[in-house]
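For reference, the structure is listed below as structure tokens.
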Amino acid sequence: MPDYILCRTDQLVEGRGRPARAGERYLAVFLVDGEVHVLDNQCLHAASPIDGGPVVDGAVRCPWHGWSYDLRTGELLTGFGPRPGLATYPCRLEDGVVQVTIDDPVGN
Ligand code: FES
């Protein structure tokens, strides 16, 4: 499984996301309360990137129409409860960079 460096840790801003790529896969990297979260960067509604959305209570809100995703689980948060949402990826912080191992870097 290939490893990918997504960004330097000093490029992350608390409470914000940033786009990254792992092979052909587009990802979003968030730093929230000192924890780094990595998930697919494509909203399930109409495919907007989510990296620029506001973070509220541990969830990112899609900047286009407001769908919300739990940053820890990727679940889509709805008025009817959580639903399957975006893929998340465990990451490592080593040598000042954020790294992930992705077994399917083909694309999203
Ligand atoms: S594209 Fe994300 S809520 Fe519509």
Flag the pair [X] and [Y] as a salt bridge only when some basic side-chain nitrogen lies within less than 4.0 angstrom of an acidic carboxylate oxygen.
| X | Y | answer |
| --- | --- | --- |
| R16 | D51 | no |
| E24 | R21 | yes |
| D10 | R8 | yes |

Do you know the tightest heavy-atom contact between [X] and [Y]?
| X | Y | value |
| --- | --- | --- |
| P84 | L76 | O-CB, 4.0 Å |
| I102 | A22 | CD1-CB, 3.6 Å |
| A20 | V29 | CB-CG2, 4.0 Å |
| N41 | P19 | ND2-CB, 3.9 Å |
| A46 | H65 | CB-CE1, 4.4 Å |
| G74 | T88 | N-CG2, 3.4 Å |

Are [Y] and [X] connected in a single hydrophobic cluster, I mean Ile/Leu/Val/Met/Phe/Trp/Tyr linked by side-chain heavy atoms less than 4.5 Å apart?
| X | Y | answer |
| --- | --- | --- |
| L31 | V38 | yes |
| V32 | V36 | no |
| Y4 | L12 | yes |

Backbone N/O of I50 and side chain of S48: donor-acceptor pair under 3.5 Å: no
Any donor-acceptor N/O pair, Q99 side chain to L93 backbone, under 3.5 Å: no
Side chain proximity check, E14 to D33, heavy atoms < 4.5 angstrom: yes
Can you tell me how far the [atom1] atom of [X] sits from the [atom2] atom of [Y], to the nearest 0.5 Å?
| X | Y | atom1 | atom2 | value |
| --- | --- | --- | --- | --- |
| E75 | Y69 | CD | OH | 12.0 Å |
| D40 | L44 | CG | CG | 8.5 Å |
| Q11 | L6 | CD | CG | 10.5 Å |

Trace of the side-chain contact (heavy atoms from CB on, under 4.5 Å) decision for R61 with V56: CA-CA 7 Å; R61 191 171 294 158; V56 179; 4.1 Å; yes
Stepwise side-chain contact (heavy atoms from CB on, under 4.5 Å) check, T9 with V98: CA-CA 6 Å; T9 54; V98 179; 3.9 Å; yes
Worked verdict on V97 versus C7 for side-chain contact (heavy atoms from CB on, under 4.5 Å): CA-CA 6 Å; V97 296; C7 62; over 6 Å; no
Short side-chain donor-acceptor distance under 3.5 Å, Y89 and R25: yes
Geometric class of the H45/W67 ring pair [parallel <30°, tilted 30-60°, perpendicular >60°]: parallel
Residue R92 excluded, over 12 heavy atoms near CZ under 6.0 Å: yes
Residue pair V100, D3: steps toward the side-chain contact (heavy atoms from CB on, under 4.5 Å) verdict: CA-CA 6 Å; V100 291; D3 292 331; over 6 Å; no
